[in-house]
Structure formats: C-alpha cells, structure tokens
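Take a look at the structure below.
Since we're looking at a predicted model, the values are computed, not measured. In what follows, every chain begins at residue 1, and chains take the letters A, B, ... in the order their sequences are listed.
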Amino acid sequence: MEALQLEEYIEEQCELKTYTLEDYEGDVPRWCKGCGDFGILSSVQKLLRDDQVAPESVVAVSGIGCSSRFPHYLNTYGFHGIHGRAMTIATGVKLGRPDLKVLVTMGDGDCFSIGGGHWLHSMRYNTDLTVIVMDNEIYALTKNQVSPTTHCGTSTNTTPHGAVLKEMNVLSVMLGITNTSFLAQTASWTPGHLDKTIKAAWNHKGTSFVRVLQKCPIFSPQAFGQDGKVKAPFTFLRDENGIPVDKVFEKMAPVIDHNCKDLDAAKKIAMMEETSSPLGLLYHNPSIPTYEESLHATADKITPEEKVVRLNEELDKYTI
Amino acid sequence: MEALQLEEYIEEQCELKTYTLEDYEGDVPRWCKGCGDFGILSSVQKLLRDDQVAPESVVAVSGIGCSSRFPHYLNTYGFHGIHGRAMTIATGVKLGRPDLKVLVTMGDGDCFSIGGGHWLHSMRYNTDLTVIVMDNEIYALTKNQVSPTTHCGTSTNTTPHGAVLKEMNVLSVMLGITNTSFLAQTASWTPGHLDKTIKAAWNHKGTSFVRVLQKCPIFSPQAFGQDGKVKAPFTFLRDENGIPVDKVFEKMAPVIDHNCKDLDAAKKIAMMEETSSPLGLLYHNPSIPTYEESLHATADKITPEEKVVRLNEELDKYTI
Amino acid sequence: MPHHGVLTMKESKKIKLDEHIVEFVCDAGEGAQKAAVSFAKVSAKMGNSLWTVEIIPSEIQPPPHTMGSTSGNRIRLSSKTVTNGGNLTNVVVAFNEMNLLSRIKGKMLADDVVVIIDNKWANDPDETIRKQYREILDELKAKGADIYEVPIEEKTMTLIDNPQRGKNMVALGMLGYLYTRDMDILADEIRSIFKKKSKEIQDNNVALLTLGYELAKETINFQYVIESTPFKVPMVAMNGNEAVALGAVAAGFEHCSMYPITPATSATHALSEYFGRMGGIVHQAEDEIAAIGVALGSYYAGRTTLTITSGPGMALKTEFLGLTVMTETPLVVVNVQRGGPSTGLPTKIEQGDLLSSLFSTPGDAPKVIMAPTDIEECYHVMITARKIAEEFRMLVIVLTDANLATGTQLYPRPKLSTESFPPPMDMSPIPVGTKPYDWDEETGLSRRIIPGQPGGMCRTTSLNHSPEGKVNHDPDMNQKAHRMRSRKLMTLQKSLKKPEVYGDKEGDLLVVSWGSLKGPIDEAVDNLRKEGKKVGAISLQFLSPFPPGLKEIFSKYKKVMVVELNYSDDWDDPMVNEDTRRYSQLSMLLRSHTLVDVDCFTRVYGRPLMPMEIYDALSKRLAQK
Amino acid sequence: MPHHGVLTMKESKKIKLDEHIVEFVCDAGEGAQKAAVSFAKVSAKMGNSLWTVEIIPSEIQPPPHTMGSTSGNRIRLSSKTVTNGGNLTNVVVAFNEMNLLSRIKGKMLADDVVVIIDNKWANDPDETIRKQYREILDELKAKGADIYEVPIEEKTMTLIDNPQRGKNMVALGMLGYLYTRDMDILADEIRSIFKKKSKEIQDNNVALLTLGYELAKETINFQYVIESTPFKVPMVAMNGNEAVALGAVAAGFEHCSMYPITPATSATHALSEYFGRMGGIVHQAEDEIAAIGVALGSYYAGRTTLTITSGPGMALKTEFLGLTVMTETPLVVVNVQRGGPSTGLPTKIEQGDLLSSLFSTPGDAPKVIMAPTDIEECYHVMITARKIAEEFRMLVIVLTDANLATGTQLYPRPKLSTESFPPPMDMSPIPVGTKPYDWDEETGLSRRIIPGQPGGMCRTTSLNHSPEGKVNHDPDMNQKAHRMRSRKLMTLQKSLKKPEVYGDKEGDLLVVSWGSLKGPIDEAVDNLRKEGKKVGAISLQFLSPFPPGLKEIFSKYKKVMVVELNYSDDWDDPMVNEDTRRYSQLSMLLRSHTLVDVDCFTRVYGRPLMPMEIYDALSKRLAQK
Ligand SMILES: Cc1ncc(C[n+]2csc(CCOP(=O)(O)OP(=O)(O)O)c2C)c(N)n1
Ligand SMILES: Cc1ncc(C[n+]2csc(CCOP(=O)(O)OP(=O)(O)O)c2C)c(N)n1
Ligand code: SF4
Ligand code: SF4
Ligand SMILES: [Mg+2]
Ligand SMILES: [Mg+2]
C-alpha cells in the first residue's frame, strides 16, 4: 500500500466533500428488533451529519453489553473496551488528545454498577466527554439480571422472587456530585427529543451526561412496555435554555417548567424520577472548568530540543 | 489446649463481669502524636464500655491506610483488609452473621476514591453497619498525595502545583443516593460531639455513616491547623432528634437549626460544606429496610434433615 | 463412521447404531432448543446415554436468517455412557440454509451427513435466497450428504396459522420417526411441557408431532435404532452449571455472592432458585471485586459461601484472591472458563485460566485448584472443595468450562445425606492464649476462630503477621509464614492418590489432560489401542497440588503429551524452536515439575476438540521420531 | 571481614580499607537521614563509589524509642564500583539503644561492629531504660563489638538548646573524623543544605560538625581511609525511582496515570516535578484500574503514556493488562515490587511478581517483561521499553523493586539527545482498505493506526477480532489471532543477544538471576572464584521472552541454580520431595524452558540477600553431590 501525502489526500478525499449519513455507518447493527439502541445510534449519526463532523475526529468508547456494541456500528474511531471501564479509557483518550471529540456509550449495569466508581469520579473530573447511558433497567446481554435501576419487585434471573432494593435514582446521585456540569434525561421512544438532547450534550464543553430510557422489548418490557406501548410515566421539562419540547410531546405527557441553571431545583426534579421520569435538561453549568484545561497540559508546547535542555538541567541536580 | 464448655466458660469469665475500657484495648496505637485517630478510637471504646457490648460480638473491618490500623487497636474481632474494599468485607460479615455488630473504619482515600463504587452501592444496600470515615483530606500512610476531599489548590506530592479539582462534597453525594438512612458529620477535635455522634450511629439500624473531620498534623495541617489550632470553619446543627450541641460548642462555632428528617433541608445543609462544615446529624430515616432483612435470609431456619428432603425434591426434577 | 448394521424391515430399513449425533438448528426464537430438549429427554427415558450441547448465538436476537442467528442443540445419543460431545454431526435438521451454513463453516458436519431442511426457501421470492439455498445444498451433496428437502412450514400451516409456533413440533416428530422413538413417551413429554396450558394446546402440539412423524415416514425410507439398555439406577440429566449449583447446596453452601458473567451466570440463576426453597442468599454485588469481598467476609464470619465467575471476573478478583490466601480464610471460587484473553469469546470454551488461577496474585499465594472432567463431577467436586477449603483454611478454585456449563449429561442420581454438610457453626468459647495462626510446624494447619466465639477476639490482617495475628515485619517471620502456607499444600498432597491410567499402563505415548477433555481423549485412546498402539491417558483432577507419582508414570512411556484447550505454538510454525516455543499451560507446569520433555497439542477453536481430532494429533505424534 | 592494612600515625591509627558499611540510625524526626545523605554526598565528591539504603519505619511517626521507630540510612562506601548494599554493617551510629536493637534483630550488624551510641540512656531516670541500654550493649560487646558510648546530646547542648535540632550534625562530624573526610567539603555541603537559612544558622551547624569531629578525635583512637579515585566522567547519584522517572522523560513519555502505592509512588512524585517543567501530565486516578484505563486510552490515542504501581496495584490492573494485549495497544507498566502476598510487607523488597506479571491475565496474553539490575539500568530500561511497546504494539512490564526504588547509586551521567524520543505523532492519512490488524504472517507485526488519521476509522475491541478489527467467532480466526500475538514475542526474541556470563564460562555451577540480585551474586561469584571454584553467573534482563541460548549455556555447568527473592520450599524442610517441592518463580520457568534440573535458593526476608549469604548458599550447593 502506498501512503498518500496529506495534501494529495485532502485534494482527493475531502475537497468539496459533504458527509452524508452513510459516512457514519459502520457494521450492520445486530440488536434485536424494536431495541431502543437503534434510535440512539441514528440520533448520533444524524448529529454528526448535521454538524459535518469529520469521522476521523471522533472516538466512540464503550464498555461491554448490548449497548456497548455501539462503536462497531458507527464509522468513526471506536474502542469497545471492557465492562464498566469505558469512562477511564475515554478520559485517557481526551487527556491524551484534547483535539478529538470523545463519545462514551454504556449500559446501566456498565455505568452504574461495575462502573460506579469511575462514573462518580468522571463526573467530578468534568473532562470534555459526551456520555450516553442506554438504560434499559436490566442486564440484557447476559440475559436478564437485576441492575441498579431495575425497579424494586421486578423478577429477574438473579431475583426470581423480585428485586429487593429500591431502584437507584441515578439523577439525584449525579446532582450530588461536585462538578457535575450537564445532566439530561430523554427516552429512546421520543426520537425528536432524543436528537435534541444528544445535540445539546455534544455542544457542551465538559462531561455532558445523557441518560436515555431505553426500550428492551426482550428483557424489560415491564419497564417500558412492549410492542410500541410505553408504560412508564414521564414528564417533560420546559426551559428556554433546555431541550425544546415539541407540540407532539405535549399530548404524550405532562410538561412542567424548570430552570436548568438552578441546582436546587434540579435536585427536586430529580426526585420526581420516583414517580414520573423527568425528560429534559435537568442541570447545566457551562462555567465549570474541564479537567484537561485545569491540568494545563503543556506537553506539546516545548520542542524536543528544548526538552533536552531542561532534562539536562534536571540531571545537573543529581550530578556529583 | 482444652476447650472449655460454654457453660463453664460463662461461669468463669462472664458471670458478674462488667467490661471496663481495658477490655476493649488491643495493641498500643502507633499513630503520630496529635493524630485525630486516637480520639475516634477512644470514642468507640467508651461507647462499647458504656453499652457493655461483649467484645466477641463486634467485628471491626477496615481497608488500608493510617486510619485502617484501627481494628488492631480495638480488642474485638477485627479484619484489616485491603485498600478500598472494607465495605464489601463488612457487608459479607453482616449478611453471613446478622447477629454480629459490624463497625467499618476507613480513610478518605480508602472510602471515597478507590472504594467509591462500593461506597455508593453500600449506602444503597443499607446493610446494618456503622461506618466511620476518618477524613484527613489527604493520603497519609503513603505520604501526602491528593485525595478526593483535598481542597482545590492544596499542594501535595502528586499535585506539587496545587490540586486542580474542587474538593468532592461527599455529604451531597450521599444525600443523592437512594436508601441513605443515616448521615452525620463530626470532628476529631470536638470529642464530646464525636462520642455522641458515634453513639447515635451505633444505635441506628441500617448503614449509619459518620464522616469525621480528622486532624493529621503531619500532612494536612493546612486543612485543620496544627498544634491544637483548628483552621477550618464549621457550624453545629441543632436538632432535637440529632446530636446534642453542648454549651461549650456554642462558643466555638455558629449553631443553626436543622431537621434531620427532612431530606431537602439536609441537601441544603450539605452544600454548606463548601464554606463552613456542618457538624451534626444531617439526615436520619430509620424506616428504610436493611438489606439483610430484605433478603429474607432463611438459611438458619431449616434443619439439615429438612434440607436433604428439599434437595431430593429438587433432584427429582432432573431425574429421568 | 460406517453404519454398524443394516436391517431391512417392512416399512423402512432399520439401521442399527451404537451412537449418533443429531443437530437441530433454527433462527433464535423458532424453538429448536425446546424440541431438542424433549427429544433428548425421551431418548434418556428409553435408556440412551447422551451429551447435548446448546448452540447459542452471541447476540440476544441477531438478524434472522444469517449465520449468526443460529440457535439450537447438538445431541450425541449412545447405547453406552457418553462423556463428551463426540465427533462430526450425522444428522442435521435445519429451518433455513444459513443455519445450515453456520454449521458447515464451523466444520461440524460429517461428509455423509443426513440433512433435513425446510424447502420453502427453494421458492423464496428473493432470488438471492433461492440461489444461496441451492448452492449450499449442492455443495453439501457434492461432498456426500444425503439431503431431504421437506415442506415443514407448509405442512405446519395445515394445522396452525403461525408456523413459528409449531414447526419445531413437526420437526420433532420427524426426528421421532428417524430414531424410532416411542411416540407415546414423546407425546406424554409434549403434554407435560404444556401442562400449564389448555388441553386444546396440548392436543394441537401432539397433532403437530404426529404430522411430523408421518411426513418423515413419507420422505425417508430408513430409520435408526440405537440400542438402549434400561438404566439400573435412577439417572439425572442436567448441565454442568446446574450440577455445580446443586452440588453447592449439597455441600452445605448457604450464600453465593456473584456478579453476572457468561457462561457462569446460569449457575447462580439455579442457586437463586434453590436457595429460595432451601434457605440461603444470592447476593448480586456491584462488581466482581465486591462479589468476592462479600463472599470472603461472609466465610470469615463462619457462613459457608462461594462465588462463581468467569475469565474477566477472575481477573478482577485477583487482589482478593491474595487476601484470601494471606488471611487463610476458607473460600471456594468457581471459574467457568471461556475464551480469552480479555473479553475474547465469551460464550465459547477454553481451558485458558489454569496459569492465571495459579499465579495471578503478586507474591506467593499457594492455593488448591480442582477441575471436574464431566458434569457428574461438577456436582461432586463442590463437596470436596468445601471440605478442603475449611479443613485447610485455603482458597479452592474450581475450574469448569463453557462446555460443561451448557452441555447436558446423564449420570446416576447422587445420594444425599446430611454428611456432606459442614458441622454446625462453632460458637464454643476459645481458651485464653489461643492464637489465630497457631501453625502446626509440620502440616501448616491451624485452628480457625470464628467471630462471635467468646474469648477469641483477634485480628485478621492482609499484612504479614505473627501466629498471634499481629502485624510483623521480621525477616524470619515472613519466611516462616510463607513456609506454613506452602506447607498446607504439601499436607494435602500427601493425601492425594496417584492418578489412574486409562489404557496402557506403559508404552509409546501417555496423554495428560485435565477438565472436560478427558472424555474425547479416552475415546481417541480407545481407537488407537484398537489399532494396537500402546497408549495411555491420565486426567488430573487436582492441578494444585499435583497428585504424587507423575514422574514415575511418565517414565513408563516413550513420549508424553498434553492435550488441552489453550494456546501453544505449533512445532511447524516458522520461527518456532526450542528457545522460542511457548508451551501450553499444563505442559509448562508438567515440564517444570517432572523435567520430562512433555509435548503438547492444543487448539483455541472456541469448541471442544473432537475425539477424531485428538486421534489424529496422537497418531502424528506416535509417528514422529 | 579483616582490616586490610593498619598504619600508625601521629594522632591516630589510619586503617586502610577497600570498602566499609556504615549505618546512622535514630528515631524518626531526629535527622539521621539528612546527615547521612550529606555524608554520602561528600564521600562521592571525594571519589568513593557508594550504595545507600534508607531505613524507614512502617508508620509515619511511630512511638519513639522503640524498635519500630528506627529511621536512618545504611551506606556502603567503596573505592570500587558498587552495585548493591553489601554484607553486614561495620560501623553504626545510634541515638538510642532501641534503634540499635532493631538493627541487631534485623541481623544486620557484623560481630566486630564499631558502635557509637549516645550515652545519655545510661543514666536515664527510668530504670527499665538504663537496664535495657546496658543489656543490649553488653550483649554486643560479648560478641566482639567495639563500643563507644559518647555524650552526644550533652555535648550538643553546649552549643544549642534543643538537641533534637543539632545532634545529627554532631554525629555527622564524628563520622567525618572516623572516615577522614575532607572537613571543608563537609562544611560546604552543610552550608549548601541550609543555604536558604540565615548565615547564623549555617555557622551554628558547622560549629556542631566541628564539635563532633573533636569529640570523635577525643574518643576514638583510629581512623578509616577508603581510597578514592576521582571519577573520569561526570557522575549522578539518585535512587531507582528517580532514575525511572528521569528515564521516562528521556524516553519521551508525556503522560503518567497512576494511583499512589508504596514503594512506587515516589517515582510519580518525581514525574510530577519533572513534567511541571518539561510539559506533561500526571493524573492521579481514583484507583489502579482507572489508572491503567486512562493510560491505555491515552496511548491508544497516540500519547506516550505510562503507569507505575506495585503488587496490589498490579493485581487490580489484571483485567486491563489482558485488554492491552488483546487490542495490541502499546503500554509500559512499571511494577516496583514489594513484599507479598496481599498487602504483605509494603515497604520491603521481594521479587515476587514475576509469575503474576507473566500469567495474571486469564487466557493467553503474551507480553514483554524486563528487569533492570541496578539503578543505572532503571534509567536506560525506560527507553528500550518504550521502543519495544511501540514497535511491537505490545505491553511491556518493567519490574524493579523496593530496594532499587529507595537505594541510591552513583553512575555515569547519561547523555541526552532527541533520539530517545518517539517520532512526532503520525497524523498522515490512511490508505483505503488498510486493516487495523494487518498482521505480517511471519512476524505478527502490524501497523498501528492512531485516532485522527484521516481514512483510518476502525474499531478496537476486547472481543476476538479479524484483521479488519471486526468481532469474530470463527475457530480458525481465534487460533490465528492467538498465533499472531504469540509470534511477536518470537520476533522480539530473535533480536535479543545471548546473555553474557560473568565469571567462568563453564564449570561446576551457574547462578541465574534477574533484577537487583545481580550485584550481590557477582560478588559472591568473585569470592568463590578466588577460592578456585569454577562458577559463573548470568542475569536476565528479559524475562519474557527469554534470550536465546540458555539451554546451551546451562549445559556447560554441572549444576545450575537460581537465586532470587521469592518463596520456594527448601530441600531440608520436612515433607519436601520431588513431588511436593514448590520451586521459586524463575527456576520454575527455566526448568520448563530448558528441562535442566535448575535448583533454587531463595528467601523472603524483606531485604536483599547479602553477598555472603549467597556465597554460603552457593558453597553448600557446590559441596552437595
Ligand atoms: C468484568 C466483567 N464482568 C461481567 C461481564 C459480563 N457482562 C457483560 S455485559 C454485562 C451487563 C450488561 O448490562 P448493561 O450494562 O445494562 O448493558 P445492556 O446489555 O443492558 O445494554 C455483564 C455483566 C463482563 N463482560 N466483564
Ligand atoms: C490496591 C492498593 N492501592 C494502593 C495502596 C497504597 N495505599 C495504602 S493506604 C493508601 C491511602 C491512604 O489514604 P487514606 O485512605 O485517606 O487513609 P489515611 O492514611 O489518610 O488514614 C494508599 C493509596 C494499597 N495498599 N493498595
Ligand atoms: S436484548 Fe434488549 S437491549 Fe439487548 S439488543 Fe435486544 S432489545 Fe436491545
Ligand atoms: S500521618 Fe497523619 S493520619 Fe497518619 S498517623 Fe500520622 S497524624 Fe495520623
Ligand atoms: Mg442494561
Ligand atoms: Mg486520609
């Protein structure tokens, strides 16, 4: 294979090029029929197309689970990692390469259970990552075990007599974490809202966390309904700085006003989760510095020659 | 060695026995002069003496760190485990033996950093554990590295130019976790308050979490002052259901009213941490079921013979 | 494999066989699994031994009519005891040609395979499908397959509207005919499956069954007869994960702390069920670290507790495994091995975790490693493992694998008694001065003290410690504590028996293995011996410590060779020489242990090795100088 | 060890020595470390080689005047190059008898040790102290020690009020006299330490120094002279962790992702400092799992990144190590080994992580393992490790240890150039059709694609994958991918040199080792050869892959023996026999690799083995049949 020179390449490949949806298509998705993950994938693909994002400038990082197959289906760089550790790999990518856009996709078990510690600390680091959790309230890939967000009483393979713990309110956890800068919730069955939420997250600088309530018709129909029906009650958040609520949604569910800049208010909204899931932007604070900024990475800023000089100065200190 | 019969033993050892402080003394503590951990140890010893708790009925579990040497110095059963995992071991002890009293002692790095995932989930399990975090806002045993609670800007061995992240508000994290049932904060330099707080925690059924602001004169004098002086500002919480605030404290620091049954109010109080640490009972909800209760452990309730019968029934199902 | 006898009967030829392998494959959701299980059950009832293996797609519901969507069962039927899945498939029933193709690509089908396939695709509106259907069948035919294209779906629709809900029963009926199954027993079995449904549904399904039987009779002019000797003792049929779970309950385990991971999880599903009836707790922890932490804490506190996992989960438990050894807390960890490294091949078999189980922990951490060779042993190993863990205050790792986990075997129903349970928790007072690590200088053993025992208050620490349980940095004490922990392994070793040799007790070649490869290896050895080759085999149930006498046994053979399912470089790879060859896991250990030039033949195909593949490898080795 | 020459001079006997070991111990906080470092520095400036070891209590500030409170330094001075800490201590300066006792119990002192101790305890008001002081000294004297009880504190207080702030300088002055150090250089050194303090403070300290010099002169009637040849090249003195950190910067590492753990942390402290000036990031992660996850992500994205840890931290990284191998991401992991298992002996040396580094990950995960033998190599190894990691897309584990980490050695100042840095990040476009795992069938190597390269979009997965980076369950592809990863190790192996033998190239005994035991072993070999024994030694810098030719080298000796610092059963333990003996880590590997009966001598004392201990073990082995 002959390597093309960058200029030639740009001439050949990029000039006048407009990216179409196809440019973002990876392998054919192998999710089940009716799986909510499809919608999330196409929402991301549309976003990239709309923003004309160069596929090579994006890295999609995931863990392990149905949802974590995501990077295979998206034609950007992709890292399909290990269970629960996506946030750590993604943090590494971004610290190493602040010039890349980094997307993290995880399942609820992946992020909230085994990944819990990294979740907590990554929110605090506030590295510039767009994070999407596809929350089907179940362990799907391993076939039906309880997850932290499984509703109390649900019978699963490891809780045949019903889950004993109250489901974890992940929204209220995140709003308790210092430096949480962007928290939104949407659903896989409200595509318009989904698109807008993911776009808002993508445009936020810092860790933008989107929890998507995701239909898994196979293992958690009790949570979100089967055959297109949605059982779980939800409420839209209306906010001029938030996610626009289309007319059509107003018929689907109640709409309430909320100010996403108000942390106390966001905490109250988060508690609604226990009765009617709030959909929209719960909290947004664009002024929290990102971790990569704070670390003042100067790695690229001195020349190799200058580095040799400074290293010699360092060696001087050890010289007898 | 000849084993004594239980009756004889009780006769010889226990009858008429009153436990004194000495009965709870293990090895001589090897903490530095002025270390706040001493006070916490003696507070626990006093509590056991006051309540006349049989030393054999208590298991003290810890991780690794200066603070985690605690079990060696307490003459009960003790498990000095591995870094960050104390909560898991303690949960095992309690699930295995609900008849034992379990005390967990950890450092801030131990609990909030490497132990973060277990911390989060253990709060949610609400197993009946008394948890004390000795928070000196630093990694002490490993000699001065940044911890999640180290204040932003503090220079440590791994942040020679100052910690870049805002310190983690661990109180607000815990109040965001579903099933948090007891959360209190006290300080190693307010012994009376410390004693009462630990006692209240001990008497709560469920995971009672006590964060003790702990002086480490060696590595974090900047946080809590050296030579007896306390720099960090704090505020006492007054609450008839909370920790009594002695007269003497009223001179030390402001006192404000708080209702520990009110989660919203507790969340507001938690945010005070960023300016003046609230000392007292932030939140208390005695009605959340414990994990061991919820699991309906019936393990002890059938005889071995009955188990053989049921196991045979089980085998029947596989029999051709 | 040639047919063993041909009888011509009135309606159809009856072909007598010792054994046969039949597969039933379809798209996920089309019910092959259910039908195949009924077929297996009825065969067992009639007196056949068997080994069944699930064929599972790696996604939950992959796109239908693709290679990746294949779901089903593979059943080896025999008139003699079966210990493994056997060689190539003799008969395959498939609902579409892509399912069939996946089995061809997997190289699972015999050249003379009998294929029964739904012919509806021959006339599919989509030309691509018509074409690929024809091509696949033509290719098979060219190789020698005997193909029956049958209107399965069409016929099903004569009885019901939605063929997806009944064609598996029709296919089952066909198999019933082909293998001369007792149709009454089969009908009863079907009724019992639907016993919670209406009489009408039961009748419908039996009608579909009969339809299938008749369809086969019309189409196929022979029947197989696999002799069945009724079992003299009651037999049970279950998979290895169920056997582990039942064995655990029989061993007296009361708690299981786990985190889901394929292919281990179903063992914990089973335990969740059993404990629901028999008392006990399954705790699904937040991760594998917490899972073992909770198990350790619980066992430390006197409760008999286990944890069950697979490769990546084992990796996460590494630090806690070291703590278990250091604190001499009894613990049983079951590792249902899958394909590695990393996430690897999550649903597939490998025996890749022997070295990591032995050596994952930094420092020296002696532990016991056991490996059952078949599903029956999966049950019994749990009882031994629990006893060793408690008597020796040791970590016992039980290595099973994905094939044991999902395969089904018939074995004699275990006899239950309270003797396999541990004694009641010791709550007696502890004499003053008793030390928590009062090591017996010769055996390394010491009495375990349990929290709650009056007078026994002591500390358990991950740091090096004295017999009194106190933190200790003394050079000699560190050496001694290491020696005592190592000594326990020797004490156990002295109680182990010399392994029994299968086949020739001396001769040209000894095959050494562990775990579920014992079955196919023994069959390969049988075949070689039939040819007059002097070959023996041993299988190690204990991998740590090794049983006594290995070197002596090895010395009786000209060549010694390990066959196992993990990676090793092949001699014929370029660049491989004495300096560079990476040996397989067991062979590495045995070379060091015996200094005998133990060779190895291994593959990481994600499936077991077939007796015939092993036969070939052994023959090749025998032929070498 | 006898004195090598005695000269009588006017004021005092001058005793000429080739080398000597001196310790300075006190309670934590009394300043022995500071004084000892100055002593070492001045000795180096005068032209002595040296090796210093910190003596550190295991708590931050343990109760004073106890065995556990001992803090200080141990310095080996020599006229020749020094590569290790040497044998027993010849001179010890102690501020109290418990500090002394801790060194006696640690069996560190020569029988004829010269002891200088503060005599204030002889008249302590507490009778217990008076008694134990006397007993300890009497016992030492009985064994042959030469004891000088000196009023150090009393004299100090003639110049300053708080003796805690000055008695270390007095003791330093005494050492200056004893070793005939140039007092001008010593005074300059002291002034430079206090250069940020006032002139008065500087003068005071120099006065204390002089006081000590005079005190010694009054008390001791001899002086040591260790010949010093001025160094021809500029020399640096640093500890192994500083060497690793500087080497990492010289190798071009720009990021370090870590979690604190003794004894590794100080390397990352040093990196935090260097990166502050040279560009770069130290990320302290929430735990060791995240630390390696971030490092891996960063290296995947093209940034040269490392992670540094020790035993328990390595255990936690296990799963990620497997991912690194599976995805063929370059990565360098430094493991500063400490005493295990579990938390073990956190501040002490062990070479206990060889097998866990090799085998911790489930499945087959070939990786490179390197071990520097001294502090100089700690620097240079980082450059080689980085190059291998990137060229081979492999995981490289560098094993150092607690003694390298905290010991200080003199070595020639490394020459710096931009050549040791990696080339600029490759951002060139990727030709269409390039595969992310385009394995060269012979070498296993493939081109690494870095995110951001136009046209290179591809997936990296922990599942088994095809050259295209797609998830793959095919049996042959799994076998092939394993083969390719294994092949890379062979490719590297072909480029390695046969290890050089130190000493006799053939003969009675070959000693094999790795890491920091090389130094003491070579010295033991020197001594044996002086006696006419035919002994050689090799030290392996590469533990995976092994260098070529080992079997051939081994064949030249009657016996081969490994000496290392991890646990093995001793032949003379009861119950040990051929069947039960657990060999040490390297010997186990070498036995398997060469089928030579490689014996081992190992100890887990939490300290290095002394040349004389090794000498004894080798002599014993030589004497055996
Ligand atoms: C260390 C480790 N533990 C466990 C597993 C098994 N595992 C794979 S996916 C998964 C959870 C899947 O649930 P979730 O994260 O909610 O994703 P979903 O499949 O529902 O999208 C588990 C436990 C694993 N691969 N690695
Ligand atoms: C797995 C693992 N990682 C790291 C360490 C090293 N280590 C020991 S204690 C400690 C942190 C101490 O800080 P903290 O938990 O706050 O306790 P403190 O000493 O301040 O009481 C660390 C990182 C370890 N022992 N094990
Ligand atoms: S099992 Fe559920 S989550 Fe997984 S692919 Fe199917 S529908 Fe989606
Ligand atoms: S270093 Fe700090 S926390 Fe540790 S024992 Fe000393 S004072 Fe206490
Ligand atoms: Mg899920
Ligand atoms: Mg701390």
Side-chain angles (χ1 to χ4, degrees), chain C residues 58 106 311-312 314-316 318-319 322-323 325-326 339-345 350 352-353 355-356 359-365 442 462-464 473 475 478-479 482-483 486-487 490 493 545 548 551 566-567 569 573-575 578-580 582-583 588 591-592 595 597 603-607, chain D residues 58 106 311-312 314-316 318-319 322-323 325-326 339-345 350 352-353 355-356 359-365 442 462-464 473 475 478-479 482-483 486-487 490 493 545 548 551 566-567 569 573-575 578-580 582-583 588 591-592 595 597 603-607:
Chain C
S58 53
M314 279 302 281
L316 286 171
T318 306
E319 194 192 6
L323 180 65
V325 174
M326 186 57 140
S342 199
T343 313
L345 293 178
E350 196 175 299
D353 299 356
L355 291 178
S356 62
F359 297 127
S360 66
T361 46
D364 189 56
E442 197 181 316
S462 63
L463 285 155
N464 183 52
H473 292 90
N478 196 43
Q479 181 75 24
H482 273 78
R483 196 166 59 234
S486 188
R487 193 61 53 82
M490 295 193 209
Q493 200 268 1
K551 191 165 184 166
N566 53 53
Y567 181 75
D569 294 323
D573 281 355
M575 294 218 274
E578 276 214 342
D579 264 343
T580 56
R582 296 176 64 242
Y583 280 81
M588 207 278 272
R591 289 167 68 83
S592 175
L595 298 179
D597 190 358
R603 285 293 177 270
V604 283
Y605 282 160
R607 60 162 174 80
Chain D
S58 54
M314 280 302 281
L316 285 171
T318 305
E319 193 190 6
L323 179 66
V325 173
M326 186 58 140
S342 198
T343 313
L345 292 178
E350 195 175 296
D353 299 356
L355 291 178
S356 61
F359 297 128
S360 66
T361 46
D364 189 56
E442 198 182 315
S462 62
L463 285 156
N464 184 50
H473 292 91
N478 196 43
Q479 181 77 22
H482 273 78
R483 197 165 59 232
S486 188
R487 193 61 54 84
M490 295 191 209
Q493 200 269 0
K551 191 165 183 166
N566 53 52
Y567 181 76
D569 294 322
D573 280 356
M575 295 218 274
E578 276 213 343
D579 265 342
T580 56
R582 296 175 64 241
Y583 280 82
M588 207 278 273
R591 288 168 67 84
S592 175
L595 296 180
D597 189 358
R603 285 293 176 269
V604 283
Y605 284 160
R607 59 163 176 81

Can you tell me which portion of [X] sits under 4.5 Å from chain C's heavy atoms? Options are side chain, backbone, both or neither.
X	result
T361(D)	backbone
N478(D)	both
E350(D)	side chain
P545(D)	neither

For the CE atom of M575(D) and the CD atom of E442(C), what is their distance to the nearest 0.5 Å?
5.5 Å

Could you tell me the separation between the CG atom of L355(C) and the OG atom of S360(C), rounded to the nearest 0.5 Å?
10.5 Å

Among [options], single out the residue with the greatest number of heavy-atom pairs under 4.5 Å to chain C.
options	result
R487(D), M326(D), H473(D), H482(D)	H482(D)
G352(D), P574(D), G606(D), S592(D)	S592(D)
G322(D), G311(D), A365(D), S356(D)	S356(D)
L323(D), L595(D), L463(D)	L595(D)

Between [X] (side chain) and [Y] (backbone), is there a donor-acceptor pair under 3.5 Å?
X	Y	result
D353(C)	G363(D)	yes
S462(C)	S342(D)	no
T580(D)	M490(C)	no

Check V604(C), L345(C), T343(C) against N464(D) for a side-chain contact (heavy atoms from CB on, under 4.5 Å) and give me the one that passes.
L345(C)

Can you name the closest pair of heavy atoms from Y567(D) and D573(D) and give their distance?
OH-OD2, 4.2 Å

Which atom of M588(C) lies closest to which atom of Y583(C), heavy atoms considered:
N-CB, 4.3 Å

Only pairs of heavy atoms separated by less than 4.5 Å count here; which of [options] has the most with chain D?
options	value
A315(C), G340(C), G106(C)	A315(C)
P548(C), P312(C), S486(C)	S486(C)
M314(C), R483(C), R607(C)	R483(C)
T318(C), V325(C), L316(C)	T318(C)

D569(C), part contacting chain D, at a heavy-atom distance under 4.5 Å
side chain

Pick one of side chain, backbone, both or neither for E319(C), based on which atoms fall under 4.5 Å of a heavy atom in chain D.
both

Salt bridge (Lys or Arg N to Asp or Glu O under 4.0 Å) partners for D364(C), two or more places apart
R582(D)

